[in-house]
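First comes the structure, then the notes that go with it.
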Amino acid sequence: MRPALGARALNVVALLVLAGATLAPVAVQADEGAPVPSAPGETVVVQERFTASDGVELQTTLTSAGPVVAKPTVVEFSPYGRDSETLDVTADYNFLLVQIRGTGDSDGSFDALGPTTQRDVVEVLEWACAQPFSDGRLALNGFSASAITLYNSWHQELPCVEAAILKSGTHELYRDLLVPGGILNLLPGAGVLGLIGAPALLQGPDRLRRDPASSLDVLGGLFATGLNVLAHPTLDGWWRERGWRGDANDIPVLMINGFFDVESRGAFQAFQALRADGAHLVMEGGHDGVPAGTDGGAGEARAWLDHHVRGIDNGVEATPRVSLTLAAGDRHRYLDGDHVTVTGDDWPLPGTAWTELALTRSRSLAVDGDATTGHASHLTVPSIPTMTDVPNIALLDAAGLRALTGSLPLLTQTTLASLDGLTGLAYTSRALRSDVDLVGPLALELDLATTTPGSGIWVVLSDVAPDGSSHPLTVGRLSTSHPGIVEEESLIVDGEVVQPYGDYTHAVPATPGRFRRYQVELWPVGNRFRAGHRLRLQLVGTSLASPLALPALHTLRTGSADGAVLRVPVAPGGELTFR
């Protein structure tokens with residue numbers, strides 16, 4: 001879901017980067033029912049309104065390298081109004097943009113990509129499959145919100161769909177974007193509503209001329225969505241209707257994303273859910289920007305459509321099912337081209353070994369741990385997002401903030417993220433003997449006591465260079481009101497939880513001053529730690545991108561059997577050894 005101001009511009013970035021080709025420069029508009037020009041080389045744009053089963057009209061836009069004839073047709077459902085397509089296709093395809101109900105120039109009430117929107121998806125596909133512009137073969141494209149719409153709809157049979165390309169997007173809207181760890185992620189939520197509301201406002205005059213009464217439904221839906229997010233703090237039935245509910249299809253899906261993306265978790269979980277249908281996962285950039293030296297998955301996207309929709313034997317099905325572009329210690333340098341790529345046949349990579357690092361009394365991360373029990377405390381003062389909120393800041397950087405963070409590198413380093421022992425705790429390993437790739441989900445298990453019910457545990461994993469600069473890679477978030485996990489949904493290796501699946505169905509507020517055990521999920525990491533670099537884990541206050549709360553004093557146990565441990569994923573063939 002397009003989650004921050006300025007992020008709609010990323011549609012344009014994605015369109016250019018993921019483009020397979022450019023449309024012809026001349027566009028001929030055709031009103032509904034008007035004759036379509038047939039001169040070759042002209043781009044024809046046909047506007048047509050689709051009427052759903054409940055009478056609500058949705059605006060659709062067909063774009064074709066004219067003349068318009070029956071071809072395979074790529075369909076995208078978008079809440080961002082006209083001209084919000086996120087994939088450019090060759091002349092071998094038509095492209096149909098559908099503005100989601102209650103957004104842009106479509107009527108009805110926006111339901112936060114819930115059941116009504118999901119029903120629209122099926123009805124539109126049935127209609128599109130039978131239209132003269134379609135040869136009966138459809139493909140789906142989605143980026144962010146348009147991808148979320150499709151993931152949410154996968155429990156329904158999607159007619160005529162031969163393949164899909166889904167970039168970013170959430171597997172579970174609650175867990176992957178808006179309330180990760182049971183902590184409201186305010187910045188994306190507010191940004192999404194703003195980005196959906198702006199096109200609806202700009203296209204308002206068209207709606208007023210056509211059907212003035214429909215404006216009330218549109219405004220009401222957007223307002224109700226904001227209230228519903230706030231009114232449903234736990235993962236209840238309203239949220240489950242806006243997440244993954246199963247696979248009723250056999251559609252090969254290409255997922256494209258990046259490790260620093262604001263919705264990165266969703267791609268990994270979706271791949272696991274759809275790998276039996278032939279899914280591929282390419283981690284090569286999303287909202288977080290496309291790293292130099294890569295094409296952002298554009299080549300595989302073109303081949304994916306050609307093979308699975310048009311039946312071209314181009315070998316794409318034989319490429320590695322999982323291709324991961326890793327940073328090499330620094331997100332900015334990753335975007336500038338300092339990265340490495342590893343491949344495999346599954347996620348997590350087969351052969352991954354999780355190494356347990358203990359948080360010691362001496363503020364170190366150590367394999368051998370510490371036999372003596374200790375305690376460490378810090379105040380949960382809100383932290384600076386550029387230093388501690390990797391997903392949200394990567395998004396804003398890609399949308400233009402990098403002009404600031406690039407000129408002031410300390411803003412994106414965790415070196416000054418906290419005052420150790422006061423507003424945060426930092427645990428640092430010894431220098432590494434050799435290069436090692438950490439690739440996969442990871443978890444922090446700890447005993448913690450808090451003084452304020454409902455505070456947040458916020459942890460950051462960083463790569464510390466020999467010069468002392470510390471670059472954040474991923475974060476973990478967990479409300480202290482959610483200590484439980486769902487074991488059958490968690491990833492457990494050799495009896496240890498390496499990816500906890502938190503139970504957010506109901507809040508269990510902490511008793512002030514009493515220790516209890518927590519399992520904190522950190523979003524998957526993809527980084528090559530160079531020899532001489534160190535790992536650092538910091539516990540800080542929640543990011544300022546989340547709602548402000550009263551500061552709490554957090555105390556954790558270190559050492560002994562009850563001490564805090566971080567489980568990190570070492571890629572196949574690697575070993576975590578220290579000098």
Side-chain angles (χ1 to χ4, degrees), residues 18 20 72-77 86-87 89-90 92-93 121-122 125 129 135-143 146-172 244-258 263-286 295-325 341-352 439-440 491 524:
L18 297 169
T73 300
V74 179
V75 185
E76 179 166 4
F77 296 84
T86 61
L87 183 70
V89 296
T90 68
D92 298 306
Y93 301 88
V121 169
V122 175
L125 293 175
C129 187
D135 68 357
R137 294 176 292 177
L138 302 179
L140 295 171
N141 179 70
F143 179 29
S146 49
I148 297 171
T149 302
L150 298 173
Y151 283 133
N152 289 0
S153 303
W154 222 261
H155 62 287
Q156 310 167 118
E157 292 187 15
L158 305 177
C160 300
V161 177
E162 304 286 339
I165 299 171
L166 301 181
K167 303 178 286 289
S168 299
T170 63
H171 190 243
E172 298 178 69
W244 180 258
R245 284 185 283 166
D247 179 11
N249 302 278
D250 185 16
I251 298 170
V253 181
L254 172 63
M255 291 94 169
I256 301 173
N257 209 343
E263 295 166 346
S264 69
R265 184 184 184 277
F268 298 110
Q269 301 306 114
F271 172 79
Q272 291 179 323
L274 291 168
R275 56 190 166 192
D277 294 338
H280 280 205
L281 174 65
V282 176
M283 296 301 288
E284 208 164 87
D295 66 359
E300 187 149 354
R302 287 192 300 270
W304 195 260
L305 289 181
D306 285 344
H307 176 73
H308 291 289
V309 180
R310 297 174 59 216
I312 295 176
D313 185 10
N314 54 23
V316 69
E317 76 282 4
T319 60
R321 298 189 63 183
V322 175
S323 178
L324 309 170
T325 301
T341 298
V342 299
T343 61
D345 292 327
D346 204 353
W347 174 266
L349 293 173
T352 298
V439 186
L491 178 58

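FYI, side chains are in, hydrogens and waters are out, and symmetry mates aren't considered; it's all heavy atoms of this structure. None of the values given here were measured: they were computed from a predicted structure.
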Parallel, tilted or perpendicular: ring planes of Y151 versus H171, cut at 30 and 60 degrees: perpendicular
Gap between atom CG of L150 and atom CG of N141 - 0.5 Å precision: 8.5 Å
P159 and V122, any side-chain heavy atoms less than 4.5 Å apart: yes
D135 side-chain N/O to R137 backbone N/O, donor-acceptor pair under 3.5 Å: yes
Heavy-atom closest pair, residues A267 and N257: CB-ND2, 3.7 Å
H280 and V322: CA distance, side-chain angles, deciding distance, side chain to side chain contact (heavy atoms under 4.5 Å, CB included) verdict: CA-CA 6 Å; H280 280 205; V322 175; over 6 Å; no
Ionic contact status for R321 with D346, cut-off 4.0 Å: no
Spatial distance of atom CD (E172) from atom CZ (R265) [nearest 0.5 Å]: 6.0 Å
Note, E162 side chain near H308 side chain (heavy atom, < 4.5 Å): no
Test of ring centre spacing under 6.0 Å for W347 and F271: no
Taking every non-hydrogen atom, the tightest pair across P348 and L491: CG-CD2, 3.9 Å
Interatomic distance, Q272 atom CD to W244 atom CH2 [nearest 0.5 angstrom]: 12.0 Å
Non-hydrogen side-chain atoms of E300 and L254 separated by less than 4.5 Å: yes
Residue pair A147 / S168: nearest heavy atoms and the distance that separates them: CB-O, 4.0 Å
Exercise: identify the closest heavy-atom pair between G258 and M283: C-CE, 3.3 Å
Beyond-backbone contact of V439 with L324, side-chain heavy atoms, under 4.5 angstrom: yes
Any side-chain heavy-atom pair of L125 and C160 under 4.5 Å: no
Residue E317 excluded, over 12 heavy atoms near CD under 6.0 Å: yes
Any donor-acceptor N or O pair under 3.5 Å, side chains E76, T86: yes
Side chain to side chain contact (heavy atoms under 4.5 Å, CB included) evaluation trace for V121 with T149: CA-CA 8 Å; V121 169; T149 302; 3.8 Å; yes
L158 vs L140 side-chain heavy atoms within contact, under 4.5 Å: yes
Value rounded to 0.5 Å, distance of CD in Q269 from CD in E263: 13.5 Å
Check: I251 main-chain N/O paired with N249 side-chain donor or acceptor under 3.5 Å: no
Gap separating the CG atom of L281 from the CZ atom of R275, nearest 0.5 angstrom: 11.0 Å
Note, I165 side chain near I256 side chain (heavy atom, < 4.5 Å): yes
W154 side chain near R245 side chain, heavy-atom distance below 4.5 Å: no
Smallest separation among heavy atoms of V253 and L274, with atom names: CG2-CD1, 4.0 Å
L305 side, atom CG; N314 side, atom CG - distance, nearest 0.5 Å: 10.5 Å
Residue pair V309 / A139: nearest heavy atoms and the distance that separates them: CG2-CB, 3.9 Å
